[in-house]
Each structure stands twice: as structure tokens, then as C-alpha cells.
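For reference, the structure I am asking about is given below.
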2 protein chains.
Amino acid sequence: MGGPRFEPVRAVRAYERVVEQVEEAIESGALTPGGRLPSERELMVQFSVSRSTVREALRVLQARGLVRSRPGDPNGAEVLPFTPAALHKSMTTLARVEELSLAELVQFRMVLDSAAILLAARLRTEEQLAEMYAAVAAMRAALDAGEAGDEGADSFGAADLAFHDAVARASGNKLIEICTDVVRSIVLKLIAGRITDEPDRGALMRRSIRNHEDVVAAMRAGDGPLAARLSRKAMYDYYAGYVPERERGALRALLE
Amino acid sequence: MGGPRFEPVRAVRAYERVVEQVEEAIESGALTPGGRLPSERELMVQFSVSRSTVREALRVLQARGLVRSRPGDPNGAEVLPFTPAALHKSMTTLARVEELSLAELVQFRMVLDSAAILLAARLRTEEQLAEMYAAVAAMRAALDAGEAGDEGADSFGAADLAFHDAVARASGNKLIEICTDVVRSIVLKLIAGRITDEPDRGALMRRSIRNHEDVVAAMRAGDGPLAARLSRKAMYDYYAGYVPERERGALRALLE
DNA sequence: CTAGTGCACTGGTCGGACCAGTAGGCTCTG
DNA sequence: CAGAGCCTACTGGTCCGACCAGTGCACTAG
């Protein structure tokens, strides 16, 4: 039969117990976003631990994006609504430490974005479709403004963001929405600097706009698979130039 | 012209500076996994801060999965190789706090897994293909063992994990690999308990095995799109029963 | 009734102290 | 001389008490 199966007892630190309890209170809904934790001095009484322990627990909770504390606030730490900030942080370190290549990130975006478009083609409302049209129009306006001066880059990027954000929201999947946003910002940070030096930037933008128009037209027509395929091609066209030649093959694998 | 553009100065805490410096040392490669940080008392000298501050910084770094400290270790905190533990944590809280539905999670898995299979169908080596066959064989063995007693559930799940892990690795995209793994474990945790109560469990497993066989056959034939479509169907078949009726439509949208 | 001023309290940081635990050098023994 | 055991100098975990610069609110003076 074998003796009783003993499990190794991991030494559980005091601050971890505090973290667990607060975390559970938040997840169970006992503490809602906007609500306040008791002050540190109050917490040390309730948990019967020292203030150092309380503070270390709060640091962990803060690192996980669950609470925020402000000096001088008489109300104690504030419970935050969930933000993907922690997710963003861990993915960013993943990208840096684990040497994620730009190709992998762009590939990931192609996968998620085309999935979002496939879903949005079915689920989108007329209003959301209008948002997408507006975003494309804003991209065109940014292009025209950029032809004269050199200011259009920011607003073009903002319009592009608005487009993909509208699509992601229309997909009805919050996880896709958040992940696309996170990965998008990481990609942009990686190619920042190189993006404005692009010699053919105007042509790139024009092509991107045309691609977006094709995508949204296919979505209006309800042809999700086509829209998804077009969106993968659009993203490939836009980012392939930044990806080393020998890694582009993996990207093209998604173009069918 | 407008006056000089002042930026709001956010009060930067001492422990944050410590975190930043250590983080940068890790990301720049000055500190490599397996390496050791100086002891806390040594750090408080180097940074000219108190031990409380050092410790709060270490707690943050630990929460981000970058270091780990053990009591009594004369070598100081250990720099960890990257693990998706932090990513996992933040996604889990995302799932709980932000009320991600099971349907969204399964949908996400369908998207990522089919993408991984599409890529793996092109890039897989013979060895990786053999791994997948072995995993399917293990699933069948677990089923047969389970018919007699009631022990097969664990080994069936383990074999299933091995299959999808092999596919994800063969895709050549570490981000996909990590995310599928994270989401997978969250899904399993959500339906834990319900999974063994399934009355038709044997039939479900048999069907799943057949689906996996079809997928791997399509991959051997090099038909990525077919394999991807089959894998989406396989996942739908396996998990749809746990998803509320009215949310299944979004899942079916991915079946074409 | 309003505007200004304290006060009580907050979080951030510091320094010192104690404890249980570890690792490696040391001594003592064979 | 070799090996087994103790011992000490560290480690991280926790506690305590203190000070500071801020914040909100009540209270007061106009």
C-alpha cells in the first residue's frame, strides 16, 4: 500500500499569507475597484504582523497591479480595476530576457488580429463598423497632413491603434483584445526609431491604408475568412521590412 | 511657440530605483540566470538605502519572477531563468477579476492552437512528428487503463498536454508556446471537478483521440489549413459541453 | 459664509534588534 | 592522516520604534 504520501511543506512567509488574504478578498468581490484598504497601521493590527510585513505584502500586490498606495492618503491603499499593466510588464520582460524575436511578436499579432477580424466580421454592430471606417479615414487624414510637414506619424499610429482596437472589441473576446494591445505596444517599442527613418514611409502608409480599406470592406460584406487573410497580408506588408530576411519565411507561412 | 513642455514629475520611490537598476542589470545580461545578487545587507550599502527599502525592492523583483531568495543562503538572492509564472499569475487574476468567461478562454485556445498547428505543419521535424504520435498513443493507453479502473484521467491529460506542447514547440514561436500553456492550465482549473463527473467521459476521450489522429495525419501530409481546422473542431468537441449553450455560437464561429 | 490655517493621520524611509536556518571551516576522534 | 561532527559567521524573515514630507478635514478667523 505504501505509507502516507507526505508533501514537502514549503515555508510560507508571513507577507505571503497577507497577500493571499487580500487577493482573495479582491477576487471574491469583498473588495471592489475604487474601494480602499485599511491603513498600513490598521492592517498590522488586523493581521497581527509588523508594518514591514504589511508593506512587503502591499509591494507584491502593487506589483501585480491590484492596489496602489499614495503617500498621505488618509484612506489607505486603493483597490484598482484590472489593468493589463502587469500582463504587459511580464510580457515585456519575456520579450527582453527570453529573446523573443520581432518575427515571433509580429507573427503572434498576425494570428490574434486575424482571429479578431474573423470573429468581428460576424459579431460586429453597425456602430463598430462605422468606428472602423472612421479610423481608416483618420489614417488617410494623417497621411495628408504628414505629406506637408512631418507630424503625421503620431496621428497615423493613433488612428491605426483605434482601428485595431475597434476590431478587437468587436470580436467579443476580452482576452484577445488585451493581448493584441499588449503585443502591439511591445512591437512598436521594438521598432521605435526605425519607423520614422523609413525612406518610403509615405508609400508604406498609403499601402497600409488601402489594405485596411480592403479588410473593412470584406468585413462589411461578411466574408470573415477573406478579411482575416487580408489583414494578415496587411500586417506582413507593414512589418516585414523590419524583420530580418531569414525570419520572414515564418511570417509568410501565415499568408497561405 | 508656447512655453517649455514640462512633464509631471512622478515621485519615484527609493525601492523603485533599486528595482530598476537590478532589472536593467538582468536584462542587459550583467546578471545571468543562476547568478547571485549580493546579500541584502550588502545591497543596502551599495544603494545607500535601508534594508527595508532593499527588501521591498526584492519583493517586487520576486513577484515579477526575476529573483528568488532563500533564508539562510549565504550567497544572496538567486537570479532566475525566465518562467511564465508571472505571466500565468497575471492572466489568472485577469480571468478571475475581469470575469473572463470559459468560452473566451477556450476560444483563445482554439485560435492559438490552430495557429501553432498551421505553423507546425510546415516547420515540424520528423522527430517532433514522432513525439506527437507517441503522445496520441499514450492517450490511447490511458483510455484503455481507464476503462478498467478509474485512474486514466491524469495520464490522459498528461498525454494530451504532451501532444499540444510538442505542437507548440514545433511551431517555432515561443510566445505561442507559452501562451497556450498558460491558458490551457487556466481552462483546466476552471473545469476541474466537472471533468471527472462527465458521464460520457469514455466516449469523449475516444472521440478526442480520433480527432488528434486526424490532426496529426493532416500534419504529416503537410496540409496545414486542414490540420488547423480539424484541431479547432477537436477542441470544440472536447470543451463545448462545459460552455453554456448561448456562448457556444462564438466558438462555432471559428469552425468555418 | 468663505478663506485660510492647523492638526491628525497617511505612506516612505531609516536604523537597530532578534530569530531560525544554512554552509563551510574547524576541531576532535578514529 | 582521513573522516565525522560541532561551531561560528553569515543569511533572510520578522519585529519594533522613530522621523519626515505629504494629504484631508475640521476648525477658526475674517
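Here the structure is a predicted model, which is why all the values come from computation and not from measurement. Here is how names work: the chains are called A, B, and so on, in the same order as the sequence lines, proteins then strands, and each is numbered from 1. Side chains are part of it too, since the values below use all heavy atoms of this structure and drop only hydrogens, waters and symmetry mates.
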*Going by an N to O cut-off under 4.0 Å, is there a salt bridge joining B/Asp160 and B/Arg184?*
yes

*Whole-Å distance between D/dG13 P and A/Arg55 CZ?*
17 Å

*Rounded to the Å, how far apart are B/Glu78 CD and C/dA23 P?*
12 Å

_Strictly under 4.0 angstrom, non-hydrogen atoms only: write out the protein contact profile of nucleotides 17-26 of chain D, one letter per nucleotide from the 5' end, B, S or -._
-BB--BBS--

*Is any side-chain heavy atom of A/Val167 closer than 4.5 Å to a side-chain heavy atom of A/Thr180?*
no

*Could you check how far CD of A/Glu42 sits from P of C/dT10, rounded to whole Å?*
9 Å

*For B/Leu251 and B/Val106, which heavy atoms make the closest approach, and how far apart are they?*
CD2-CG1, 4.0 Å

_We want to know whether A/His88 and A/Ser185 form a side-chain donor-acceptor pair, criterion being a heavy-atom distance below 3.5 angstrom._
yes

*Taking the side chain as C-beta and beyond, is there a heavy-atom pair between B/Gln46 and B/Gln21 under 4.5 Å?*
no

*asked:* Over all strands shown, is B/Arg59 touching base, sugar-phosphate only, or nothing at heavy-atom distances under 4.0 angstrom?
replied: sugar-phosphate

*Rounded off to whole Å, could you give me the CZ-to-C1' distance for the A/Arg17 and D/dG13 pair?*
15 Å

*Within a strict 4.5 Å, meaning less than it, do heavy atoms of the B/Tyr239 and B/Ile191 side chains meet?*
yes

_Separation of atom OH in A/Tyr15 from atom P in D/dC15, rounded to whole Å_ = 13 Å

